[in-house]
Amino acid sequence: MLKPGPGKKVGIYVAEDQQYHGGPSYAAILDYLFFHGVSGATVTRGIAGFGADHHMHTTRLVDVVQRLPIKVEFIETVEKVEELLPKLHQMVGTGLLEMHDTTIVKPAEKKRAEARGDVPALKREGKAKMMRIYVGENDKWNGKPLYDEIVKGLRAHDIAGVTVYRGILGYGANRRIHKDATFSHDRPILISTVDTEEKLTAFVPILDQMVQQGLVVLSDVDVIKYTPELPTR
Amino acid sequence: MKLEGKAKMLRIHFGEADKWKGKPLYEAIVEKCRELDIAGATVFRGIEGYGASTLIHRSYLFRRSSDLPIMVAIVDREDKLTKLFPVLDEMVREGLIAISDVEVIRYVHQEGVRSQA
């Protein structure tokens with residue numbers, strides 16, 4: 001967060017249709033500033049203007065391509081601006097980049113409601129296991145889709161989280177190709193879950209009963225998890 | 001064929017539009033795996049992503065030609081997978097190949113027996 005005192009005000013001028021890595025330049029610049037912790041930035045669209053090429057860009061003409069001037073502006077400390085400049089220089093492309101000294105008289109404050117969200121998120125890190133279960137979409141257990149039943153079983157065992165993926169092509173134990181045909185319902189299914197080794201190995205005997213044919217793979221992973229509050233399940 | 005204990009997982013990431021001799025690269029890789037008698041391979045299509053070219057791959061509505069991220073996952077013993085490396089070197093021009101240690105708990109291969117539903 002900014003403090004009152006000297007700072008830099010940076011102005012970046014680009015064309016609305018200017019591209020950076022397949023997207024609008026101004027959006028890429030705004031994302032860059034956002035994810036590098038800049039305290040605030042504003043994008044304004046001009047209604048008319050001209051640049052180095054001396055072409056007049058206005059809203060009066062019915063343009064298929066939008067070529068209006070866009071200005072991205074932000075205020076930061078001198079050190080922060082120094083840190084960001086090299087990348088911005090690269091991103092601005094044919095546009096213009098300027099800055100000048102400014103004095104921060106009163107920095108913006110966060111809203112009260114957001115301030116409560118400042119309680120540090122509970123971060124759980126450490127070693128864990130990832131279990132991947134490969135089955136077929138068509139596999140059943142007690143007449144119900146096997147992958148569905150496995151997810152229910154994992155939930156009942158308080159396993160932290162499960163994701164089911166459907167593959168588009170594959171083969172496994174029976175050497176038969178499972179292909180992404182429109183009406184085929186036997187595509188490969190991957191159930192991926194992460195939790196402690198004890199909890200996952202405790203579930204293996206249940207899998208033994210449920211999975212007639214399939215692959216269960218365990219691997220070591222490092223978990224970096226953020227939970228806003230204690231999980232209540 | 002039964003697989004248990006220590007094994008390796010290979011994950012190959014590339015784009016859906018990538019081709020090998022006129023056919024989709026992911027199909028070609030799966031075929032090659034079968035040829036080399038590798039235990040299994042599964043192809044997944046991502047819904048969004050970016051890679052070496054930093055271009056965002058995303059599907060657009062009403063656009064037929066999509067270039068979504070593809071991931072091929074293969075699990076087998078290390079010696080089986082090393083046979084695949086020279087082939088992949090040739091086939092995957094632009095992409096990422098990641099190898100990790102895994103432990104296989106079960107892998108059942110019953111000839112002709114498969115729950116019909």
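Each chain gets a letter, A, B and so on, in the order the sequences are listed, and its residues count up from 1.
Between chain B and the residues Asp220(A), Val204(A), Asp208(A), the most heavy-atom pairs under 4.5 angstrom are made by Asp208(A).
Ring-plane geometry between Phe44(B) and Tyr165(A) is classed as perpendicular, the angle between the planes exceeding 60 degrees on a 0 to 90 degree scale with a lower cut at 30.
Contact of Ile74(B) with chain A is not made at all, since no heavy-atom distance falls under 4.5 Å. If you measure heavy-atom distances from Arg166(A) to chain B, the contacts under 4.5 Å come from the backbone alone. Within the 4.5 angstrom heavy-atom criterion, no atom of Met71(B) approaches chain A.
Taking 4.5 Å as the limit, every side-chain heavy atom of Tyr134(A) sits out of range of all side-chain heavy atoms of Ile189(A). Side-chain contact check for Asp101(B) versus Ser219(A): every heavy-atom pair is 4.5 Å or farther apart.
Thr193(A) and Gly161(A) get closest at one heavy-atom pair: OG1-O, 2.9 Å.
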